[in-house]
S.K.: 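This structure is in structure tokens; I'll ask about it shortly.
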Amino acid sequence: MSDLPPASPFRLLRRTLLAWFRKNQRPLPFRESPDAWRVWVSEVMLQQTRVEAMLPRYRAFVTRFPNPGSLAGADEDEVLAAWAGLGYYGRARALHRAARQLAAAGRAIPPDAASLRKLPGVGDYTAAAIASIAFGVPVAAVDGNVRRVLSRLFLVEGYRGRASFEGRIRELADRLMEADDARDPGAWNQALMELGATVCTPSAPRCANCPVREFCWARVAGRQAELPQRRPRPSAVSVCLAMAVVRDQEGRILVFRRGESPMRGLYELPCGEYRSDESAEEALVREAISRYGIHVKPARELAGFRHTVMNRRISVAPFEADLVEPAPGAIGPGGRFVHPRDLDRIPAGSMLRKALQGVGSTP
DNA sequence: GAGGCGTGGTC
DNA sequence: TGACCAAGCCT
């Protein structure tokens, strides 16, 4: 701590950035009111998700579930379906569980970070964000934006997850929150994040437009582009996936519910991986029998596409296929036929939607 | 502390 | 087109 600047530069930095935020913040729906539920939902949706991707889902979600009680009373299927397109479905499941915990205990959303932190899906960042934005608690919310902004402002070396880096960032974030008597804690946390999201971006930071460029040690050193360091990641693995579009006489499509976590609960088309040196059709027949207990006969190859999940590049080969056995009414556990127009009402990942793009509602 | 978990958008 | 990303959490 002793090597940090004295208090007054912190106060000046804070006032400068807060003034910038008040003038330049984006008008976002969850900033319209300090409602804790709306803040909570928005923070969970924003975990690893861009604002632009989240906005339409957010509006629909809080309209359908305007408070924790309404979410607690919903089926998990509906919750997951409402989450479709956002990814990381564990977040939706955790939010659902948390709402049910509060409802079962007959409790409102707790106003302090420590209690919020105990709720499923609420980590250090989200607890601090809700407590500060909705309840005015002066606790620093440290997310990726804040890590990046502070690592540049104060030239902190290292990367996310490294103890020395995290410790230094946390120390700076706490100091800054305390500066200037910790006024407007919610606005301060958002100001830091807003700067990171719109100016102090990961690549090509717009330093010329930065309200606190005079404070930035990395800019003085010309090192803003190389901070923070990125954690080394393994390169992507390529796999092939054959997939069957099977219809019944009414044109409904056969889907199976995934059993294994953490994608459990989402529906998928019958599919199976295959090696690039074998036939997709043969692999599809084999995998359909072993994984779903159905015997299919590939009839027509559909437009293939590429899908990336985490660090797997998946080359997908979809086929229209006939069901040899069993009879459509005797499909095994987890399997069901769904009309294409009802696909939005079942929980499904994006790969299913991609595969069915351009597939009509009649055979 | 590393690894797993989605998606849609950029460059 | 492929790599990299975007307001994390959990194990």
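Please read all numbers here as calculations on a predicted model, not as lab measurements. Just so we're on the same page: letters track the sequence lines, and every chain starts at 1.
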S.K.: Do A:E157 and A:R223 meet the salt-bridge criterion of a basic N to acidic O distance under 4.0 Å?
M.R.: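 Yes, charged N to carboxylate O under 4.0 Å.
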S.K.: I need the CE-C1' distance between A:M351 and B:dC5, as an integer number of Å.
M.R.: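 Those two atoms, CE and C1', are 14 Å apart.
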S.K.: Could you state the atom-to-atom distance from CD of A:Q48 to P of B:dG8 in whole Å?
M.R.: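 Going from A:Q48 (CD) to B:dG8 (P), I get 16 Å.
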S.K.: Think A:Y88 has a side-chain N or O under 4.0 angstrom from the OP1 or OP2 of C:dA6?
M.R.: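 The answer is no; no side-chain N or O of A:Y88 sits under 4.0 Å from OP1 or OP2.
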S.K.: With the side chain of A:R50 defined as its heavy atoms from C-beta on, choose the nearest nucleotide among C:dC5, B:dC5, B:dG1.
M.R.: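 Nearest nucleotide to the side chain: C:dC5.
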S.K.: Nearest nucleotide by nearest heavy atom, which residue falls closer to the 5' end of DNA chain B, A:K354 or A:G161?
M.R.: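 Final value for this comparison: A:G161.
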S.K.: Under 4.0 Å from OP1 or OP2 of B:dG6: is there any side-chain N or O of A:H307 that close?
M.R.: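 No, outside the criterion.
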S.K.: Check this for me: does any side-chain nitrogen of one of A:D184 and A:R14 sit under 4.0 Å from a carboxylate oxygen of the other?
M.R.: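 Here A:D184 does not pair with A:R14 in a salt bridge, since their nearest N and O are not under 4.0 Å apart.
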S.K.: If you assign each of A:R306 and A:D124 to its closest nucleotide in DNA chain C, which residue comes earlier from the 5' end?
M.R.: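 Its nearest nucleotide being more 5', the pick is A:R306.
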S.K.: Which of the following nucleotides, C:dG8, B:dA2, B:dG6, is nearest to the side chain of A:V309?
M.R.: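 Comparing C:dG8, B:dA2, B:dG6 against the side chain of A:V309, the answer is B:dG6.
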S.K.: Look at all strands and tell whether A:R148 reaches a base, only sugar-phosphate, or nothing, counting heavy atoms closer than 4.0 Å.
M.R.: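 It contacts sugar-phosphate atoms only.
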S.K.: To the nearest Å, give me how far apart CG (A:D143) and C1' (C:dC5) are.
M.R.: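 It works out to 14 Å between those atoms.
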S.K.: Should A:T308 be listed as having a side-chain N or O under 4.0 Å from OP1 or OP2 of C:dG2?
M.R.: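 Answer no for this pair, as no side-chain N or O of A:T308 is under 4.0 Å from OP1 or OP2.
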S.K.: Over all strands shown, is A:S203 touching base, sugar-phosphate only, or nothing at heavy-atom distances under 4.0 angstrom?
M.R.: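 The answer is nothing, as A:S203 stays clear of every strand by at least 4.0 Å.
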S.K.: Could you tell me the separation between the CG atom of A:L46 and the P atom of C:dC9, rounded to a whole number of Å?
M.R.: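 So the CG-P distance, A:L46 to C:dC9, works out to 12 Å.
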S.K.: Could you check how far CZ of A:R160 sits from P of C:dA6, rounded to whole Å?
M.R.: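 Answer to the nearest Å: 13 Å.
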S.K.: Figure out the CG/P separation between A:L86 and C:dC9, and round it to whole Å.
M.R.: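 That distance rounds to 16 Å.
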S.K.: Using a 4.0 Å heavy-atom cut-off across all strands, classify A:R31 as base, sugar-phosphate, or nothing.
M.R.: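 Base, at least one base heavy atom under 4.0 Å.
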S.K.: So, are A:R170 and A:D124 salt-bridged, with charged N and O less than 4.0 Å apart?
M.R.: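 No, A:R170 and A:D124 are not salt-bridged.
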S.K.: Among A:V245, A:V338, A:L356, find the residue that satisfies the side-chain contact (heavy atoms from CB on, under 4.5 Å) test when tested with A:V255.
M.R.: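 Single side-chain contact (heavy atoms from CB on, under 4.5 Å) partner of A:V255 among A:V245, A:V338, A:L356: A:V338.
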S.K.: Answer yes when A:E171 and A:R168 have at least one side-chain N-carboxylate O distance shorter than 4.0 Å, and no when they do not.
M.R.: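 So A:E171 pairs with A:R168 through a salt bridge.
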S.K.: Can a side chain N or O of A:S350 be found less than 4.0 Å away from OP1 or OP2 on B:dG8?
M.R.: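 Yes, because at least one side-chain N or O of A:S350 sits under 4.0 Å from OP1 or OP2 of B:dG8.
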S.K.: Base, sugar-phosphate alone, or nothing: which one does A:V146 contact when heavy atoms must sit under 4.0 Å apart?
M.R.: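 Nothing, no nucleic acid heavy atom in range.
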S.K.: Rounded to whole angstroms, how far apart are CZ on A:R26 and C1' on C:dA6?
M.R.: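 About 11 Å, once rounded to whole Å.
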S.K.: When the P atoms of B:dG8 and C:dC9 are considered, how many whole Å apart are they?
M.R.: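 These two P atoms come out 22 Å apart once rounded.
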S.K.: Taking only the side-chain nitrogens and oxygens of A:R93, find out if one of them lies under 4.0 Å from OP1 or OP2 of C:dC9.
M.R.: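 For A:R93, the contact criterion (side-chain N or O under 4.0 Å from OP1 or OP2 of C:dC9) is not met.
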S.K.: Does A:R275 come within less than 4.0 Å of A:D277, counting only side-chain N to carboxylate O?
M.R.: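 Salt bridge flag = yes for A:D277 with A:R275.
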S.K.: Taking only the C1' atom of each, what is the distance from B:dG1 to C:dA6 in whole angstrom?
M.R.: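 Those two atoms are separated by 22 Å.
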S.K.: Taking the nucleotide of DNA chain B with the closest heavy atom to each, which residue, A:A163 or A:A53, is nearer the 5' end?
M.R.: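 Taking each residue's closest nucleotide, the earlier one in sequence belongs to A:A163.
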S.K.: Kindly point out which of B:dA2, C:dA3, C:dA6 is positioned nearest to the side chain of A:R313?
M.R.: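 Nearest listed nucleotide: C:dA3.
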S.K.: When you compare C:dC5 with C:dT1, how far apart are their C1' atoms, in angstrom units rounded to a whole number?
M.R.: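 Those two atoms are separated by 16 Å.
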S.K.: Heavy atoms only, 4.0 Å cut-off, all strands: where does A:R353 land among base, sugar-phosphate and nothing?
M.R.: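 Sugar-phosphate, no base atom in range.
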S.K.: Has the side chain of A:T49 got a donor or acceptor atom sitting under 3.5 Å from an opposite partner on the base of B:dG8?
M.R.: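 Such a pair does not exist between side chain and base.
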S.K.: Nearest-Å distance, OH (A:Y89) to C1' (B:dT7)?
M.R.: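 For the pair A:Y89 OH and B:dT7 C1', the rounded distance is 7 Å.
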S.K.: Counting just side-chain N and O atoms, does A:R230 come under 4.0 Å of either OP1 or OP2 of C:dC4?
M.R.: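 No, no such contact exists.
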S.K.: Any base atoms under 4.0 Å from A:L28, or only sugar-phosphate, or nothing? Heavy atoms, all strands.
M.R.: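 It contacts base atoms.
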S.K.: Taking the cut-offs as 6.0 angstrom to the six-membered ring centre and 45 degrees off its axis, would you call A:R286 and A:Y274 a cation-pi pair?
M.R.: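 No; the conditions do not both hold, so A:R286 does not lie above the ring face of A:Y274.
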